[in-house]
Amino acid sequence: MNGISVEVANDGQEALELLDKEAFDGVLMDCQMPVMDGYTATRKLRAQERYKDLPILAMTANAMAGDREKVMDAGMNEHIAKPINVNEMFHSMARWITPAEPRQATEYKSVKIEQNPLFFDGLVGIDTGQGLNSVKNDLKLYQKILVAFYDEWKGASEKFHTASKSSDPDASMRMVHNLKSNAGTIGASRVQKAAEELESACKRHEADEIIDSMLQQLIVELSPVIKGLDHSFQIQKDVT
């Protein structure tokens with residue numbers, strides 16, 4: 001869509017390796033990554049003369065005061081806050097990135113939610129209008145994102161406990177950070193807020209009992225969302 005070709009790096013180190021192998025018009029840099037975060041990766045790129053003018057746009061679920069300054073101090077050009085608003089993201093990309101070989105963008109057609117109402121029957125805790133707006137009303141893409149959210153977060157409690165036992169001290173915080181971002185994208189605002197509060201508690205290194213309490217509150221908000229998605233998927237299977 002929009003004539004963009006994309007390569008995905010799983011962490012900052014992979015991003016550096018990809019850039020060494022291939023030329024790119026710009027980089028969308030996730031600030032919260034394992035192995036090497038986006039801030040460190042950007043500083044390493046800016047230390048090299050050949051990358052001093054490479055457009056690097058930060059993508060982070062943090063939108064608090066000081067986050068933009070931290071992004072700019074690392075050498076990035078722009079701050080795109082999650083959950084991503086696709087229109088705003090493309091505007092930021094167009095402002096900073098000039099493609100060396102422009103491609104013809106495919107025509108975009110808006111799809112109304114009423115064209116596939118069964119998929120949304122039974123959804124709980126999700127503002128589908130907000131979610132669709134984040135993907136330019138692309139219903140097919142939104143459905144894929146909902147499926148991906150379900151697959152990724154149906155075992156969120158187990159994921160958190162596994163991450164908390166990891167040798168990486170930031171693993172659990174990063175996991176909740178990703179959940180916060182994903183919840184915002186689909187329009188699950190209560191899950192997003194609960195995840196944000198737990199992420200902040202992890203950053204402050206709160207006592208285990210406080211972390212556990214906040215995790216339970218997050219699961220309280222997340223469980224009906226997951227159950228509603230499961231119900232909707234079953235409805236979809238029954239009519240296909």
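None of the values given here were measured: they were computed from a predicted structure. Counting begins at 1 with the first residue of the sequence.
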Report task. Take Met93 and Leu57 through the test side chain to side chain contact (heavy atoms under 4.5 Å, CB included) and record every step on the way to the result. Result -> CA-CA 8 Å; Met93 291 173 67; Leu57 311 183; 3.9 Å; yes
How many angstroms lie between [atom1] in [X] and [atom2] in [Y], if you round to the nearest 0.5 Å?
X: Lys70; Y: Asp73; atom1: NZ; atom2: CG; result: 10.0 Å
X: Thr42; Y: Met76; atom1: OG1; atom2: CE; result: 3.5 Å
X: Asp30; Y: Asn178; atom1: CG; atom2: CG; result: 7.0 Å
X: Ile186; Y: Leu123; atom1: CD1; atom2: CG; result: 8.5 Å

Side chains of residues 151-159: which donor-acceptor pairs under 3.5 Å do they make with residues two or more places apart or in other chains?
unit_1 : atom_1 : unit_2 : atom_2 : d
Glu152 : OE2    : Lys159 : NZ     : 3.3
Trp153 : NE1    : Asn182 : OD1    : 2.8

**Report entry** Test side chain to side chain contact (heavy atoms under 4.5 Å, CB included) applied to Arg50 - qualifying residues, sequence neighbours left out
**Finding:**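 Asp20, Gln48.
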Query raised in the report: Any side-chain heavy atom of Tyr150 sitting closer than 4.5 Å to one from Ser232?
Result: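 Tyr150 does not reach Ser232 side chain to side chain.
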Query raised in the report: Under the side-chain hydrogen bond (donor to acceptor under 3.5 Å, both in side chains) test, which residues partner Gln130, sequence neighbours left out?
Result: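 For Gln130, no residue satisfies side-chain hydrogen bond (donor to acceptor under 3.5 Å, both in side chains) once neighbours in sequence are set aside.
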Query - side-chain hydrogen bond (donor to acceptor under 3.5 Å, both in side chains) partners for Asn10, two or more places apart - result: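 Partners of Asn10 by the side-chain hydrogen bond (donor to acceptor under 3.5 Å, both in side chains) criterion, ordered by chain and then number, come out as Glu14.
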**Report entry** Those residues that, when tested against Glu221, pass salt bridge (Lys or Arg N to Asp or Glu O under 4.0 Å) (two or more places apart)
**Finding:**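 Scan of Glu221 (salt bridge (Lys or Arg N to Asp or Glu O under 4.0 Å), adjacent residues dropped) gives Arg190.
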Query - salt bridge (Lys or Arg N to Asp or Glu O under 4.0 Å) against Glu197, all qualifying residues, sequence neighbours excluded - result: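 Listed in chain order: Lys193.
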Query raised in the report: Is the side chain of Asp25 donor-acceptor paired with the backbone N or O of Ala100 at a distance under 3.5 Å, no angle test?
Result: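 Side chain of Asp25 to backbone of Ala100, a donor-acceptor pair under 3.5 Å: yes, one is there.
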Query - Ser164 side-chain N/O to Ser172 backbone N/O, donor-acceptor pair under 3.5 Å - result: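 Checked: no pair found.
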Query raised in the report: Quick one: which of Glu199, Gln32, Lys203 gives a side-chain hydrogen bond (donor to acceptor under 3.5 Å, both in side chains) with His177?
Result: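 Result for side-chain hydrogen bond (donor to acceptor under 3.5 Å, both in side chains) with His177: Glu199.
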Query raised in the report: What's the verdict on side chain to side chain contact (heavy atoms under 4.5 Å, CB included) for Ile219 and Phe160, showing C-alpha distance, side-chain angles and the deciding distance?
Result: CA-CA 11 Å; Ile219 299 306; Phe160 184 86; over 6 Å; no
Query raised in the report: Which is it for Ile226 and Phe149 under the side chain to side chain contact (heavy atoms under 4.5 Å, CB included) test, yes or no, and what are the steps along the way?
Result: CA-CA 9 Å; Ile226 295 298; Phe149 183 91; 4.1 Å; yes
